[in-house]
J.: 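What follows is a single structure, and I will ask about it in a moment.
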Amino acid sequence: MIKYLLVFAAILGMGWILWQLGVEFQTAQELNPLASEYVRGSTSDLNMPNAVTAVVVSYRGLDTLGEVTVLFLATAGIGFLLKRKKRSAGLEIDDADGAANVPVCDESALAGLEFDATGTTDPQNNLSNSLSSLSNSVVKNETLSSSAVKTRTEGSEILKTGSNLLVPMIVVLGIYIFTHGHLSPGGGFQGGVVIASGILMLIMAEVRFHLSHLLLHISESLSGLAYVAMGLAGLILLGVHHFLDPRYLLAGKFLALFSAGAVPVIYSLIGIKVGSELASVLASIQHEGEDL
Amino acid sequence: MFETITLIFLGLISVAAAIFAIYTKRVVSAVIASGVISLSASIMFLLAAAPDVAMTEATIGAGLTTVIFLYALKHIRASREGKDD
């Protein structure tokens, strides 16, 4: 009873807070001074039409650097946890003295035995049950004989054909999004996630597709390092207050691909970094415990 | 006017998907429903003239998060089946 009263009171309080927010809210009719300065500066100082990118990469560049660092830490944590689990699984198998295949073989043998027993005693009732266990053991045997992969089903024909058609387009779209971050909506994060989703499609469709973790780590580390180096270049070339200021490269022509100083380079680096990080997350989740 | 009607419609869809996600018995349906919430949220962001946020919401919320939830579900099921054997 007390619990329900407390829950009700919490809901009422939450509703009161939201009601206050909703009553007080009104859409701004004009930009506040800071926002209007950003909008003015993005076209006149930084020479790019997309004010959002101007804020994300240049005016609030330090926040973006922190965001990329958070993403890196999250990826490193996921990789660490999954790798540790993998190692402990390997140790268990070592303790059970034998090759990696032994426990699974025992299981399939047991399933076969069960099938025999039930088949002789009560054939009609347990037929479907025993059949499913038989098919399970057969599937296990097949996967064991073909490779050491645990449970990995082949992608369907539709998925394979579709991914062959779509993955190159998705990757090109991702590259387009992050190289045109200063001209059109989107940028490094969005483009990187689009590339990672293309790689996800490839992982799902192709059983033999194996993403090289070394390559991902190298591209991720190099792009992160280059991002920091681009920020430090502003610090060195333009002065003390210009960390992550992109104006040390030429401003170029308005609306051209190579314009707005270092912004396209920085956003491409962010795109490569985010894409390889998320792809490595997906690959480590997918391959977790598969190759011992 | 059309924009307002679409916004209200999308908001109703996301509320309905949220309630469905809580009360459904199947976890897969709940994951898909949360993806639907993200998708309608991304369309709402697009209507509110924030295409950058809409892209992020559509790719991360509707795409990657759903897939990662499904992978986690698959792994949980695999470990459960291993225990039952």
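Labels below follow one simple rule: chain letters A, B, ... track the order of the sequence lines, proteins then strands, and each chain is numbered from 1. Quantities reported herein were computed from a predicted structural model and do not represent experimental measurements. Excluded from the calculations below are hydrogen atoms, water molecules and symmetry mates; all remaining heavy atoms, backbone and side chain alike, are included.
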J.: Please collect all salt bridge (Lys or Arg N to Asp or Glu O under 4.0 Å) contacts where either partner lies in residues 274-284 of chain A, sequence neighbours excluded, each pair once.
T.: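 Every salt bridge (Lys or Arg N to Asp or Glu O under 4.0 Å) pair that includes a residue of residues 274-284 of chain A, provided the two are not neighbours, is A:K273-A:E277.
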J.: Highest number of heavy-atom pairs under 4.5 Å with chain B: which of A:L200, A:T53, A:V281?
T.: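 The candidate making the most pairs under 4.5 Å is A:L200.
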J.: List the atom of B:M55, the atom of A:I177, and the distance in Å for their closest heavy-atom pair.
T.: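 So the minimum-distance heavy-atom pair works out to CE-CD1, 3.4 Å.
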J.: Is it the side chain or the backbone of B:L64 that comes within 4.5 Å of chain A heavy atoms, both, or neither?
T.: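 Only the side chain of B:L64 comes within 4.5 Å of chain A.
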J.: When rounded to the nearest 0.5 angstrom, what is the spacing between CZ in A:F189 and OG1 in B:T59?
T.: 11.5 Å
J.: The test is side chain to side chain contact (heavy atoms under 4.5 Å, CB included); show your working for A:N50 and B:D52 and say whether it passes.
T.: CA-CA 10 Å; A:N50 189 355; B:D52 296 77; 4.1 Å; yes
J.: Is the number of heavy atoms from other residues, nucleotides or ligands within 6.0 Å of CD1 (A:I158) greater than 12?
T.: no
J.: Under the rule for ring pair (Phe, Tyr, Trp, His ring centres under 6.0 Å), what residues qualify as partners of A:Y38, not counting sequence neighbours?
T.: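 Testing A:Y38 for ring pair (Phe, Tyr, Trp, His ring centres under 6.0 Å), a comparison that skips the adjacent residues, returns A:Y59.
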